[in-house]
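Treat the numbers as computed from the prediction; the structure is a model and nothing was measured. Just so we're on the same page: letters track the sequence lines, and every chain starts at 1.
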Amino acid sequence: MATPFRLYNTLSRSIEPFEPITDGKVGLYVCGMTVYDDIHMGHARAMVVFDTFVRYLRHRGWDVHFVRNFTDVDDKIIARANEHGEDPLVWAHRYIDRFHEDTDALGLLRADDEPRVSGCIHDIQKLTQDLIDRGHAYISEGNVWFAVKSDAEYGKLSGQKVDELRSADTDAGKQNAADFALWKSVKPGEPSWDSPWGPGRPGWHIECSAMSKKHLGNTFDIHGGGLDLVFPHHENEVAQSECGNAAPYARYWMHNGMLTMDSGQKMGKSLGNVFNVRNALSHFPAEALRLYYAQGLYRSSLPWSDQALPDALSMLGRLYDAREKAEAMGGSESAEQVARDLGEDAQLVLELGRNFPERFYDALDNDFNTAKAMADLLSLARAINRFAGHKKARKRGGPVVAPALDAFRLVSEAINLMAMSTAEFHAEVKTKRLKALSLSAEWVEARLDERKAARDAKDWQLSDAIRGELEQRGIMVMDTPTGAQWRVRLGTASD
RNA sequence: GGCGCCAUGGCCAAGUGGUAAGGCAGAGGACUGCAAAUCCUUUAUCCCCGGUUCGAAUCCGGGUGGCGCCUCCA
């Protein structure tokens with residue numbers, strides 16, 4: 001059954017209890033991508049945050065209707081396509097396909113509806129006409145403008161006042177510099193559709209108002225998107241929808257923070273500091289990316305650096321290693337019996353495991369605090385590792401770590417992390433990290449065979465030299481009772 | 001100029017009234033042929049000033065600094 005949760009609402013600038021319009025249901029609209037290039041780590045944050053959020057709500061019993069749009073008609077798409085002598089819609093749709101390739105590889109769910117501007121022209125025109133009819137929009141030279149001054153509530157989301165804005169563009173035909181286009185008359189080389197106001201194409205903001213209305217109705221529960229969209233995009237959406245529909249728009253506004261560079265500035269194409277998801281995924285498992293995002297609060301800025309993914313991967317490795325140790329433990333006594341016999345480390349892992357669900361739900365129900373949830377999971381991993389150091393843990397510890405293993409399953413089901421088998425995880429890491437280091441598994445194995453021969457001859461000098469060479473190349477060698485194991489170093493610098 | 005967010009140990013970071021989670025890095029120790037991994041120990045009174053309170057990192061006021069938005073932006 002759906003349980004209550006609390007959410008920061010940009011409208012009130014405070015955390016509020018979530019109250020659905022319809023019991024047990026959540027209508028969620030998230031602003032998607034303008035598709036003219038591959039997505040970068042900053043875009044991926046928004047996608048991962050809302051994917052994780054949707055998964056969690058569903059895990060908690062909510063019936064979520066998740067809508068995320070594609071902007072496939074836009075100035076930048078047109079400019080980029082024209083540069084390459086291609087049709088703008090063809091160009092955009094190729095990048096929608098690439099978006100799906102990337103987000104599928106990231107392990108993200110598809111939205112329930114993924115409307116495109118080009119498929120919603122009729123809905124956009126209908127809303128535009130409603131705005132004209134209600135006196136909130138005017139026609140000028142084939143353009144239709146939203147009249148900001150006609151909306152007394154304009155600015156309520158962002159706190160902006162129309163007269164205090166830095167002088168915007170003074171397009172001929174606009175009554176107020178802050179008025180924005182609902183419909184733009186056609187220009188040469190641009191896609192266009194017929195309309196009551198002449199051929200043209202939609203303005204940027206109207207699409208989201210029209211698409212959310214189409215799939216979720218006039219009033220719906222949660223509207224999401226990047227923090228950089230609050231003004232003007234979301235402000236304008238509120239104005240259009242509430243004026244055009246004469247009904248409230250989204251009840252909760254949920255904004256994710258930006259990825260920032262060393263300078264504190266956000267990752268963005270104009271700054272030339274973007275890192276593509278495609279690159280990241282060729283060298284790191286998708287879960288490492290998702291853990292990187294989950295480490296922080298969704299609405300805070302998150303620092304990006306070359307070390308971000310190596311760090312996240314080594315953290316992920318710690319979690320998988322701990323889980324593997326727990327899985328290897330046997331025994332069939334009662335947990336209480338084992339905990340009594342094996343001491344406080346056993347008590348601790350039992351207790352943390354049993355408490356985990358409550359702590360996990362508390363963290364995520366309180367404005368989706370994944371950072372807290374991840375910290376608790378790491379604490380549990382440490383408790384497992386500590387307990388695993390006991391001689392009798394492997395033979396008798398199973399009952400004591402069972403709740404911890406349940407905790408890992410819970411995380412996997414609720415937010416899709418720790419969702420692989422240990423073998424799958426290590427296989428993926430090996431493949432991707434070897435590729436990043438330009439090494440082959442065969443080469444590593446051959447070196448290890450040589451080292452084994454040296455070790456058998458107790459030629460420690462040669463043995464260590466071989467290991468040293470491997471380490472220099474980023475391969476860690478671990479001597480165990482059953483022979484040497486190897487792994488690609490997780491925490492190495494960028495590639 | 002306007003609007004908004006933020007300021008916690010070397011770095012990242014959770015914490016929203018009762019004396020500071022977690023990660024990375026560093027130092028010491030256990031383990032190891034030596035290592036790696038792992039574990040243990042170790043590093044903070046929370047930007048500054050004032051106020052409220054028995055008590056504040058947490059609330060209020062002022063200051064300083066950073067960032068986002070006001071043009072496209074996840």
Tell which nucleotide pairs with G50(B), taking only Watson-Crick or G-U wobble pairs whose two distances are both under 3.5 angstrom.
C60(B)
Name the closest nucleotide to the S300(A) side chain, picking from A21(B), A14(B), C69(B).
A14(B)
With a 4.0 Å cut-off on heavy atoms, is V230(A) in touch with a base, just the backbone sugar-phosphate, or nothing at all?
nothing
Considering only atom C1', compute the distance from A21(B) to G1(B) and round it to an integer number of Å.
42 Å
Looking only at non-hydrogen atoms, find the nearest pair between L182(A) and I206(A) and report the distance.
O-CG2, 3.6 Å
Pairwise C1' distance for U19(B) and A56(B), with rounding to whole Å:
10 Å
Please check the phosphate of C39(B) (OP1 and OP2 only) for any side-chain N or O of N385(A) closer than 4.0 Å.
yes
For G389(A), report the nucleic acid contact type (base, sugar-phosphate, nothing); a contact means any heavy atom under 4.0 Å.
nothing
If we take the P atom in both C47(B) and U38(B), what is their distance in whole Å?
32 Å
Residue R45(A), side-chain atoms from C-beta onward, closest of A74(B), C24(B), C70(B)
A74(B)
Between A7(B) and C60(B) - P atom distance, rounded Å:
13 Å
If you only use heavy atoms from C-beta on, which nucleotide in G68(B), A74(B), C34(B) is closest to the side chain of Q265(A)?
G68(B)
Scanning all shown strands, the Watson-Crick or wobble mate of A44(B) with both distances under 3.5 Å is none
Which of G33(B), G22(B), A74(B) is nearest the side chain of S379(A)? It is G22(B)
Any base atoms under 4.0 Å from R451(A), or only sugar-phosphate, or nothing? Heavy atoms, all strands.
base
Student check: side-chain heavy atoms of Y36(A) and W91(A) closer than 4.5 Å
yes
Side chain of R13(A): nearest nucleotide among C67(B), A13(B), G4(B)?
G4(B)
Working note: Y249(A) + S212(A), criterion side chain to side chain donor-acceptor pair (under 3.5 Å); need CA distance, chi angles, decisive distance, verdict.
CA-CA 9 Å; Y249(A) 193 45; S212(A) 59; 3.0 Å; yes
Whole-Å distance, D376(A) CG to G22(B) P, equals 9 Å
Can you find a donor-acceptor pair, distance only, under 3.5 Å between R166(A) side chain and G2(B) base?
no
Taking a pair to mean Watson-Crick or G-U wobble geometry with both distances below 3.5 Å, C67(B) pairs with G4(B)
Within the structure shown, what part of the strands sits under 4.0 Å from G32(A) by heavy-atom distance: base, sugar-phosphate, or nothing?
sugar-phosphate
Test log, rule side-chain contact (heavy atoms from CB on, under 4.5 Å), inputs V230(A) and W253(A):
CA-CA 9 Å; V230(A) 174; W253(A) 284 85; over 6 Å; no
For atom CD of Q485(A) and atom C1' of U32(B), their distance in whole Å
16 Å
Any donor-acceptor pair under 3.5 Å between the side chain of R318(A) and the base of G23(B)?
no
Indicate, with a heavy-atom threshold strictly under 4.0 Å, whether L227(A) touches base, sugar-phosphate, or nothing.
nothing
When rounded to whole Å, the CG to P distance for the pair L378(A) and A21(B) reads 15 Å
To the nearest angstrom, the CG-P distance between L380(A) and G22(B) comes to 13 Å
Would you please say whether a donor-acceptor pair under 3.5 Å links the side chains of D311(A) and Y292(A)?
no
Calculate the interatomic distance between Y320(A) atom OH and A37(B) atom P; express it in whole Å.
20 Å
Closest of C72(B), G33(B), C69(B) to the D228(A) side chain is C69(B)
R386(A) vs C40(B): side-chain N/O to OP1/OP2 distance below 4.0 Å:
yes
Under 4.0 Å between a side-chain N or O of R382(A) and OP1 or OP2 of G23(B)?
yes
Where the side chain of D464(A) is concerned, which of G33(B), A36(B), C72(B) is the nearest nucleotide?
G33(B)
Gap in Å between the two P atoms, one belonging to U45(B) and one to A57(B), rounded:
12 Å
Under a 3.5 Å cut-off for both contacts, is C34(B) paired Watson-Crick or G-U wobble with anything, and if yes, with which nucleotide?
none
Please confirm whether any donor atom in the side chain of D311(A) sits under 3.5 Å from an acceptor in the base of C12(B), or the reverse.
no
Just checking K325(A): base, sugar-phosphate only, or nothing, at a heavy-atom cut-off of under 4.0 Å?
sugar-phosphate
For a quick test of reading the model: is some side-chain N or O of N369(A) closer than 4.0 Å to OP1 or OP2 of G15(B)?
yes
note: H205(A), atom NE2; C70(B), atom P; distance rounded to Å ~ 10 Å
With a 4.5 Å heavy-atom cut-off, do R55(A) and D51(A) have their side chains touching?
yes
P-based separation of G61(B) from G28(B) [nearest Å]:
49 Å
Do K452(A) and D456(A) meet the salt-bridge criterion of a basic N to acidic O distance under 4.0 Å?
yes
Could you tell me whether the side chain of F99(A) reaches within less than 4.5 Å of the side chain of H43(A), counting heavy atoms only?
no
Parallel, tilted or perpendicular, as decided by the 30° and 60° cut-offs, for the rings of Y56(A) and F368(A):
tilted
In whole angstrom, give me the gap between the C1' atoms of G66(B) and G50(B).
23 Å
By the 4.0 Å heavy-atom rule, please label L297(A) as base, sugar-phosphate, or nothing.
sugar-phosphate
Any R299(A) side-chain N or O less than 4.0 Å from OP1/OP2 of C5(B):
no
Using the side-chain heavy atoms of N256(A), tell me which of these nucleotides is nearest: C3(B), A74(B), G22(B).
A74(B)
Donor-acceptor pair between E287(A) and Y320(A) side chains, under 3.5 angstrom:
yes
Return the value, rounded to whole Å, for the distance between atom CG of L352(A) and atom P of A21(B).
14 Å
Quickly work out the D321(A) CG to C39(B) C1' distance and round it to whole Å.
14 Å
Taking the P atom in each of C34(B) and U8(B), what is the distance between them to the nearest angstrom?
43 Å
Under 4.0 Å between any heavy atoms, over every strand shown, what does S463(A) touch: base, sugar-phosphate, or nothing? Just pick one.
base
By the 4.0 Å heavy-atom rule, please label R487(A) as base, sugar-phosphate, or nothing.
nothing
Looking at R467(A), I'd like to know whether one of its side-chain N or O atoms comes within less than 4.0 Å of OP1 or OP2 on A36(B).
no
Just call it for M374(A): base, sugar-phosphate, or nothing, with non-hydrogen atoms closer than 4.0 Å on any strand.
nothing
Counting only side-chain nitrogens and oxygens, does K266(A) get under 4.0 Å of the OP1 or OP2 atom of C69(B)?
yes
